[in-house]
Number of protein chains: 2
Amino acid sequence: MKPNEPVLPSRQIADDLREEIASGQLPPGFKLPAVRVLAARYGVTQGPVLKALAALKAEGLVNAIHGSGVYVREAHPVRRLGPDRYARHHWQATTVEARVDGRADSPAVIQQGGQSQDVRLTEADERTAAALGIEVGAPVYERARVMTRDDTPTHTMTSYYRQADVEGTPLVDARPGIAGRSGGFQVLTDQGLPPHQITEDLAARMPTADEALLLELPAGEPVVELHRVTRTADGRPIEYARGIHAASRFAWSYTFEIPD
Amino acid sequence: MKPNEPVLPSRQIADDLREEIASGQLPPGFKLPAVRVLAARYGVTQGPVLKALAALKAEGLVNAIHGSGVYVREAHPVRRLGPDRYARHHWQATTVEARVDGRADSPAVIQQGGQSQDVRLTEADERTAAALGIEVGAPVYERARVMTRDDTPTHTMTSYYRQADVEGTPLVDARPGIAGRSGGFQVLTDQGLPPHQITEDLAARMPTADEALLLELPAGEPVVELHRVTRTADGRPIEYARGIHAASRFAWSYTFEIPD
DNA sequence: TAGTGGTCTAGACCACTTC
DNA sequence: AAGTGGTCTAGACCACTAA
């Protein structure tokens, strides 16, 4: 028993607001009372109120816009990622066309979301080398993408390929729209390296400052780091990719048989 | 260009400490200078220093112990979870014995970690019912466990079974140690319901207050919520489980073939 | 320009740990 | 008892937003 739990104002304020948000009394998009108003209501100074709001921001419940107000956050739909997203019929037929119109929001490209692309030749770091079965420092093509949905970034995905595997293909054409959205698999197939098997490694953590900025993450939103190694039927690695996902926007699903 | 980025003391302090931790200058377990010392060093009051420390705590980099000091957090070893952990040879042979000695730390049971167990008969909620293919409110056995490693809890795992599937088996014996560690699969096999296929759904988020308390999570540590449905070879669901994992202690790995 | 979120000072006070 | 993290007051000030 803790009979004399002291009532911390900042804690009380946070709890009250959390409750009002959960109950729908403060619906998404709703503007909270001003800091000074809340302070007066609870008979405290600004400090504790700001502390309470910081906690709610850390929980991703509210979103403060500087000179404007504090708003209840809109809930984002969760996208469920299963093996189906790699299904052959998604990319098999898709001839890789050169969309050189440059419109980043070209409907054919974005398909429920856009992406930027940045291709460069670089050297394999330790993990990339291990995944692709090459030596550290060997030349690899890096294809960095930032995926967007509803005009806000949802995740990054940076792929690495052995230089020889993709040299001269549309994949290493830096123009935006080229080989977007799984086009990579089609290109590899054209190169005689059809993808067959995928290994995905997942881990969750808090974002670095850079990641939080890039993905426009609210304070207190974790990320999921995903590492993917794609291999041909005979086990040869052809792509290593690592992505950072805003955790609240995704769920992963895997089905497998129990091994012996 | 932002030439005149103002230097916020709290930001500066956090950045400096973060850098010193990353560089190993402040190794894990090391005690940081006292709040008042840092304040004097930077020529500020306690406020900004506490704010900086709050940020580091939120990132999981440091751990404050009240009257004692602020310490650089120890890194825990990461356990990699692949399908192998369900392999038959792990539980097939393991005859389910009744370990009624009551010693929770009996070596045969803990096997690199302990677990508590709590069994009760309850009613299926919506998700459980959907997973097990039964009606909402139907009776199910709930087997709640808290897994421990190095004397600190790492994750919870709560399984649900149709009442008829496990009635009278060691699984529903609440005595600790009974049917621990995957013993559930052996029991189901004995019941003529050998597990064959598993579907796992994962999502990451910040913990609720309850979860943070139960798992002794430091501020700023996310959790991974895992839902598992186990089925027999003919697709009949026999177990639904949901677990909460301390994110920093696990990584998940899945390998699958690209579908058509 | 008025109202907003946000940072900060200077100091008081409390709770906890360590010696 | 001394030192620690942590919350709070009262008020100043700044940066941003909206009308």
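Chain identifiers are assigned alphabetically (A, B, ...) following the order of the sequence lines, protein sequences preceding nucleic acid strands; residue numbering begins at 1 within each chain.
- Between B:Arg127 and B:Glu225 there is no salt bridge, since no side-chain N of the basic residue sits under 4.0 Å from a carboxylate O of the acidic one.
- With values rounded to the nearest 0.5 angstrom, B:Arg18 atom CZ is found 12.0 Å from B:Ile13 atom CD1.
- Atom NZ in B:Lys57 sits about 10 Å away from atom P in D:dG5, given to the nearest Å.
- The salt bridge (Lys or Arg N to Asp or Glu O under 4.0 Å) check on B:Arg249 picks up nothing, with sequence neighbours excluded.
- When each of B:Lys31 and A:Pro9 is assigned the nucleotide of DNA chain D with its nearest heavy atom, B:Lys31 is the one assigned upstream, toward the 5' end.
- The aromatic rings of A:His155 and A:Phe250 stand perpendicular to each other, their planes meeting at an angle above 60°, with 30° marking the opposite boundary.
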Nucleotide N/O to protein N/O under 3.5 Å, stretch nucleotides 16-19 of chain D:
residue	atom	partner	partner atom	Å
D:dT17	O4'	A:Gly67	O	3.4

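- Less than 4.0 Å separates DNA chain C from at least one heavy atom of each of the following residues of residues 34-56 of chain B: B:Arg36, B:Gly43, B:Val44, B:Thr45, B:Pro48, B:Lys51.
- Using cut-offs of 30° and 60° for the angle between ring planes, the A:Trp252 and A:His245 rings count as perpendicular.
- As a whole-Å value, the separation of B:Leu8 CG from D:dC14 P is 14 Å.
- Rounding to the nearest 0.5 Å places CD of A:Glu239 at 4.5 Å from CZ of A:Arg228.
- Within the model, atoms CZ of B:Phe30 and CD of B:Glu20 stand 9.5 Å from one another, a figure rounded to the nearest 0.5 Å.
- B:Gln12 places its CD atom 11 Å from the P atom of C:dC8, with the value rounded to the nearest Å.
- The aromatic rings of B:His227 and B:Tyr240 lie parallel to each other, their planes meeting at an angle below 30°, with 60° marking the opposite boundary.
- Atom CZ in A:Arg11 sits about 11 Å away from atom P in D:dC8, given to the nearest Å.
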